[in-house]
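These notes are about the structure you will find just below.
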Amino acid sequence: MAVRTRFAPSPTGYMHIGGMRTALFNWLWARKNKGTFILRIDDTDQQRNIDAALGPILDAFRWLGMDWDEGPEVGGPNGPYFQSQRRSLYDAALQKLLTSGHAYRDFEPPAETQAQRELAEKEKRVYVSSRASLAITADEVAAKVAAGDQFVIRLKVPRGEKVVINDHVRGTVEWDCSLMPDPVVARSDGSPLYNFATVVDDAALDITHVIRAEEHLSNTPIQVLLHRALGNKTPEWAHIPYVAAPGSKEKISKRKIEQYRKNPMFQKLFELGDSVLSRLGFDAKSDALSPVMVAYYQQVGFIPAGILNALVRLGWSYDDQTEILSRSEMIQKFSLDRVIKSAAGLDPDKMISFQSHWMGQLTAAQKLDGVLPFLKQAGLIDDTQSAQTRDYVAQVIDLAGDRLRIFGDIFQLDEFFVADDQVVRDEKNFAKRVVSSESAIANLETLQESLATISEFKAQPLHDMLQSFLTERSLKPGDLFPALRLCLTGKAQGADLFRTLELLGRDRVLTRLKKSLSDARAIKAG
RNA sequence: GGCCCCAUCGUCUAGUUAGGUCUAGGACAUCGGAUUUUCAUUCCGGUAACAGGGGUUCAAAUCCCCUUGGGGUCACCA
């Protein structure tokens, strides 16, 4: 039977990074087996604006190139793919359950049920449903329903039985039905609850493999029972570990951002993100974008290949060597039996490492297309179409080399895009290497003339000239280069100094050097 | 608390199904060294783990039991 998997997000307005990993495993399993990957929207209790809440989720799938065969926008033979539009299916299944006696109307007031639950807990007893409503005759039930009495429909759990599953990841897991309360499957008005709608839809969509996070393991016995009561063939299960916060075993959560900011393992990512985001005009401190969301990575300039590679290695491995996997290699090599059982903490360092690798695989043209929107949004360039601008940016990117791990790293070379009097200066290092060094100032002043007169303002001649400048004066590179860099770029570190000079060009170099030296003297004077 | 799941370097993991070839392998991070007369890369090397205790066995990271620890879930949410 052809493999059919699904990912069923609730429209929450953002795509969770952990959810994306679950979706990836589903997608991979379907693609590997030449099966079908379905997107179904679990919006049974939503009154919110579905379009606005679903958009970011579909965007995340599109960004990562995870296409779906059936679902929103693309449709399919089993639609509609929104649970809110599948009510007739749930109604029919509910009728079936009621007439077959697998489910019953429970008229017990919620407060009463709650009280029983609490009492059981206090007496350290296992709570199971009282089933008092089962004593009511069919006629009385009909009368109550006609009278508009409130009730709830519960599945009648077959006490005494056991539910056993053979999970692809966890092996045999079993539950004792005698310990389970009867789960509510629908409300008085017939509106279905999660477990029920899921089972009806998984069956209707012929889902062969339910691949989901471990947190759903406790829902599984209920769903198995529901499938049985409905006479469905139960799907195969694979409960994958959830994605944990870096360095922890706790499920990563949107509500804990503040806590994550203090997490040392998260630090680097936050610093990276904050600096890029603030350049782009986002309030970096707000939680509107955070590393828990897929959109965050897109916004700061990660590329799909990097994210995909990082996600696939979270809880899954091919062997003891393979770390780098392209999309097609993942599809070819993925398997459920190599999914690990324990929770996998997100590893920001490794994420950046994968990202660097895949960024390095991009062509110059691809990098240019990736970087341009960032510069534009930050107001560092005006026209992304102009040939002159594109050529210049391409040169900066080439100069950046491996320093460009994410597109947002281009801002670390902002000295190439700002006016000469707008260069942001690292004052601390400027004071140390320029202001407080009499010889550095003197040398740089002398150097101005050579820079002004050198015939060819290119990296190699500049390198040769500077080199002999050092030799003639018995200077070490460290005596001059850092100071020169600080004067031109404001930074203590950066790309190749000689190519930086060339790209900046004679005019900007002289203007900046002059200004920096006069600033240095002013600072020194007090 | 009930039910369920999990447990190898700081982190992601290989090895556990078929016990020996594991003085436990790889990657990221980290630390040293070389290269790059700046910076980043690259290269070489180092530090670093089987949660604890009992068994079974000639032999256990691998099998069994217990303990401890961590986590998930307990809705008329999804």
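Atoms considered below: every heavy atom in the structure, side chains included; atoms not considered: hydrogens, waters and symmetry mates. Note on naming: letters A, B, ... go to the chains in the order of the sequence lines (proteins, then strands), and numbering restarts at 1 for each one. Small disclaimer: the values here were computed from a predicted structure and weren't measured.
Separating the C1' atom of rA29(B) from that of rC22(B) is a span of 24 Å, rounded to the nearest Å. Using atom C1' as the reference point in both rG53(B) and rU11(B), the two lie 28 Å apart (nearest Å). Only the P atoms considered, rC31(B) is 24 Å distant from rU13(B), to the nearest whole Å. To the nearest whole angstrom, the two C1' atoms, one in rC76(B) and one in rC63(B), are 47 Å apart. rU8(B) and rC50(B) are spaced 11 Å apart, taking the P atom of each and rounding to whole Å. Comparing the same atom, C1', in rC65(B) and in rC58(B) gives a spacing of 23 Å after rounding to whole Å. With both ends at atom C1', the span from rG46(B) to rA61(B) equals 24 Å, rounded to whole Å. Comparing the P positions of rU47(B) and rG54(B) gives a spacing of 30 Å, expressed to the nearest Å.
Going from atom CG of Asp337(A) over to atom P of rG15(B) covers 10 Å, rounded to whole Å. Across the protein-nucleic acid pair, Lys350(A) atom NZ and rC9(B) atom C1' stand 12 Å apart, rounded to whole Å. When rounded to the nearest whole Å, the span between CG of Leu504(A) and P of rU38(B) equals 20 Å. The interatomic distance linking Arg40(A) (CZ) with rA78(B) (C1') rounds to 11 Å, in whole Å. Separating the OH atom of Tyr14(A) from the C1' atom of rA78(B) is a distance of 12 Å, rounded to the nearest angstrom.
A donor and an acceptor atom sit less than 3.5 Å apart, one in the side chain of Gln467(A) and one in the base of rU37(B). Between the side chain of Asn219(A) and the base of rA78(B), at least one donor-acceptor pair of N or O atoms lies under 3.5 Å. No N or O donor and acceptor, one from the side chain of Lys341(A) and one from the base of rC6(B), sit under 3.5 Å apart. Scanning atom types as modelled, no donor and acceptor separated by under 3.5 angstrom connect the side chain of Glu121(A) and the base of rG1(B).
Between Arg159(A) and Ser129(A), the closest side-chain pair of non-hydrogen atoms falls below 4.5 Å. Annotation: side chain of Ile240(A) is not in contact with side chain of Arg212(A) (no heavy-atom distance under 4.5 Å).
Ion pairing between a basic and an acidic side chain is recognised when a charged N comes within 4.0 Å of a carboxylate O; Lys341(A) and Glu214(A) show no such pairing.
Applying the ring-ring contact (aromatic ring centres under 6.0 Å, His included) rule to pairs touching residues 163-203 of chain A yields His168(A)-His209(A), Tyr194(A)-His216(A), sequence neighbours excluded.
For the pair Ser218(A) and rG72(B), the criterion of a side-chain N or O lying under 4.0 Å from OP1 or OP2 is not met. The phosphate of rU73(B) has OP1 or OP2 within less than 4.0 Å of a side-chain N or O from Lys251(A). For the OP1/OP2 pair of rA75(B) and a distance below 4.0 Å, the side-chain nitrogens and oxygens of Arg187(A) include no atom meeting the criterion.
You'll find that the side chain of Glu250(A) is closest to rG71(B), out of rA29(B), rG15(B), rG71(B).
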Can you list, pair by pair, the side-chain donor-acceptor contacts under 3.5 Å of residues 482-496 of chain A, counting residues two or more places apart and other chains?
{"unit_1": "Arg485(A)", "atom_1": "NH1", "unit_2": "Ala495(A)", "atom_2": "O", "d": "2.7"}
{"unit_1": "Arg485(A)", "atom_1": "NH2", "unit_2": "Ala495(A)", "atom_2": "O", "d": "3.1"}
{"unit_1": "Thr489(A)", "atom_1": "OG1", "unit_2": "Arg485(A)", "atom_2": "O", "d": "3.0"}
{"unit_1": "Thr489(A)", "atom_1": "OG1", "unit_2": "Lys491(A)", "atom_2": "N", "d": "3.1"}
{"unit_1": "Lys491(A)", "atom_1": "NZ", "unit_2": "Gln412(A)", "atom_2": "O", "d": "3.3"}
{"unit_1": "Lys491(A)", "atom_1": "NZ", "unit_2": "Asp414(A)", "atom_2": "OD1", "d": "2.6"}
{"unit_1": "Lys491(A)", "atom_1": "NZ", "unit_2": "Glu415(A)", "atom_2": "OE1", "d": "2.4"}
{"unit_1": "Asp496(A)", "atom_1": "OD1", "unit_2": "Phe498(A)", "atom_2": "N", "d": "3.1"}
{"unit_1": "Asp496(A)", "atom_1": "OD1", "unit_2": "Arg499(A)", "atom_2": "N", "d": "2.9"}

